[in-house]
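Encoded as structure tokens, the structure appears first; notes follow it.
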Amino acid sequence: MSITPSEPVTDSHAPMAWTTSIATLALEKLRLGISIDQDEQNRLGLDISDDDLEISGSELDAIGAVAIEFESLSDASEISLNDLFENDTEPVRSAIRDSFPTLIAIKREMVPPLNLPDFKQASVNLSSIKKHYEIAGRRGLNPKIVEEAQKVCLELLDHLDKQRPST
Amino acid sequence: MPSSWQVECLIARMRSLQNDIIRVKYKDHPYLNEPDTVYDALLAVVQARLEKVESLNKVYSVQQKTIPQSMFNSAAEELERISEVFNYADRVDSARIPFEILRSLSWVANYLFKEECPTIVRLDPDYNYSIASWRRIFQKKKWQKEWQETAGRVHSTGQPPTILLLGFPSPDAGSILMHALAAHEFGHEFAYKWNDEINNVHKEIIAVILDQYNQRLQDYIRGQIHTRRESLGDVYEVRARYVFVLIHRIADKWLKEIFSDLVAARLVGPAFLAAFDRILLGPGKVSDKYPPSSLRRDLVKQYLKTILPAVAEDPVWKPLLNGSAESSSTSDELYRIMGEVFKSIPDRLISILRRVPSPLLQINGTELPLLISQMEDHIENLAPPSVPLKVGNEIDEANKFWLLMYGAWHFRLSNHFAEFEKRYGWIDEPGKAEIVLGNLLLHSLQSLELRHQWSTRN
Amino acid sequence: MALKKNEPQKARKKREPQTARRKKEPHTLNWPELKQRLDPSTPWEERLIIEPFFTSSINDTAGSISIDFHLGNRFTLPRSRRSAQHDPLTGNPRQDVVARELFIPMGQDFTLNPGQIVLATTFEWFRFPFDLMALVIGRSIWGRRGLSIVTASAVHPGSSGTITLEMSNLGEVGLHLKPGAAIGQLFFNMVEPAEGIKARRSTFSGAHRPILGKYSPTTVENFLLKL
């Protein structure tokens, strides 16, 4: 912590953006693995193996982290202004408070009415994907859930991308 | 959408950064218990990102799809973040750096925080002074996984030491007096350790703001809206949430800065203000992270007059303590509100601050002027001021580090300094007298630590 | 021996007090005198400071007293550069011998290769009064291994700072030098301070690193060099 003001070099949303990127990559692997099986891959001459589509520990962790973040974003968006600014209500939990900058980043880029993505559902989807994969791999995974979760992740990434300080 | 060429460039840059980190890791360096941990952890971070980018490239290109721009930008940003941290870690080996101070700083840190704290150095291009622990740097960047894995591998027998990164301004690398600012930086480490107590004060501040400044906040929010949009309510809502976040962020950052300033006041007294004025010329800028400098100075002065009234009355410090600094004016109503709330901050921090050992309070009131006089006498006669600071007596050995800083600045600001310049014919060599004072101080700090080691082992 | 009767008693030569003797006659200091010089109550005109001072650095053998000094952390190495002029007489730093300074932390080695010369400093800071000087003698244990301290062998009265040591490896193998190694000894001599010398000290006063120093030709030199 420097003693006098100095300009920050990089964007505060960067860690979340990276984690979401990894989660999105993992979802893309799942989507590819589910939609095109090995025989189809061979037929199409796709140079990608099962190992390439394997979800690593860090990717699963990223899915879990994004699931938690989506839940916080959902909770944050449900807190009314009165609750925020009234002194006698319970202080906002720090995890939710930490999601506020992300929420604001999203809302700022939106044209009113501010219809947020369905973070709650996306959180549930991601949690169930993670749990399923941990038990049974990608076999039996619902592709629709994967696609919907991926869509929300990409939406979030787009919003965060717009917050990046321009060089 | 990024082209395959752009992705190739990104991958090439990541590999190049890896190579540079390795080269710097094996460079000849001026440290003994050298923290290769930092380089290994950075390499782990780069490798993890490189693997992901390569995987991303493969997964998308095999389907002849382009990687989403936002994902590419995110990866590019990671590269920038790693490069920024690598800049901190780039080994400096310039002869003008007073490496001798690292041992004694580590010793003092060890004493204050009860853990090993080897220290490495960087030169700050922004004319800043900082001390940060590498573990916290990695935590802030959300790379704790790589840090833990690397540190755990290197130090399998126990808790890895906290590696401190000391940064000081490149143009002033030789200035020893500046290291009085280390007291402020250690304040941040205390704030980190006592996070719960600091958080409680943070909650009190927020409660005061919401209770007593609610109307002004509402007016502020409304005043920030400059657009006529269909749903003004939505815009207001976003703006209000943003202000809510800002209040918390500003309160958190300002609290830690002021807490650290007051810790510095306890450790090194008005010498902190002297060093602070030296590094921050003029009123300085107000920001979300830093309170107005005039507020910081005023709070330190107020606190010093409360806990060290005799020191505050010392004629040498009086101009520093009684002079009014140019006020850092701000037109931002939010900063003004925060400034008003923070005026009463020292009272809220008193019980936490008492836990910081203070050499100026440890020493008997009448003994301090005598000791300072002896130290100044030695300086005037070109002898290290550590000589009269014998091992033993009521002051903890590591705390004598701060007494030396205090004594050196006291000498610097007194009229002894002009006599010193004249006596040795340095009036025609501007800066020479302060260099010699710095040499005496540096040698003293080094000797102090060694004498302590000697006395504990013999 | 009993005096012979009627022989007048020889008046005993009154022995001057030690202080007076000390003030007047240049001589090598013994331990009580050195101790006196180090004492905090000694006035500054006579005070000797050694910091840090370890009492086990004292060598008191066969009536002569010396104090060990130890190697410091800073080393300055002359090195070659692109324009190999190495001409200090020009007074131009760009044409002078180029030197590179290294900091070696405690516990690490510095290797002095055969034939290499290096400037180092003492670990200790010495502050000499104007009536005291010291002879710098390298320890024979190092000398026998090829290390030669070719430094100006005397520390001037009134010197203050760490002492710069010019060391050379005359042996055939590299020597690992460590900061903190007991590299030599100082023998202290009292001298008659010159009249009128007051506070002004040398160019190197207050230095704590080995400085090459700027060559400043004397008047005579200037005359001779321009012939």
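Order of the sequence lines sets the chain letters (A, B, ...), proteins ahead of strands, with each chain counted from 1. Side-chain atoms are counted along with the backbone in the values below, which use heavy atoms only and exclude waters and symmetry mates.
Interface check for chain B: of the options C:Phe103, C:Phe123, C:Phe53, C:Phe126, the most heavy-atom pairs under 4.5 Å are formed by C:Phe103. In terms of heavy-atom pairs under 4.5 Å with chain C, the best-connected choice from B:Ser444, B:Ser94, B:Ala383 is B:Ala383.
At a 4.5 Å heavy-atom cutoff, B:Asn458 makes no contact with chain C through either its backbone or its side chain. The contact between B:Leu442 and chain C is made entirely by side chain atoms (from C-beta outward), counting heavy-atom distances below 4.5 Å. There is no contact between B:Glu380 and chain C, counting heavy-atom distances below 4.5 Å. Heavy-atom distances place the side chain of C:Ile49, and not its backbone, under 4.5 Å from chain B.
Residues B:Phe113 and B:Phe186 bring their aromatic ring centres within 6.0 Å. The aromatic ring centres of B:Phe420 and B:Phe411 sit less than 6.0 Å apart.
A donor-acceptor contact closer than 3.5 angstrom is absent between the side chains of B:Arg451 and B:Thr456.
The nearest pair of heavy atoms linking C:Ile183 to C:Leu177 is CD1-CD2, 4.3 Å. In this structure, C:Ser56 and B:Trp454 approach most closely via the heavy-atom pair OG-CH2, 3.5 Å.
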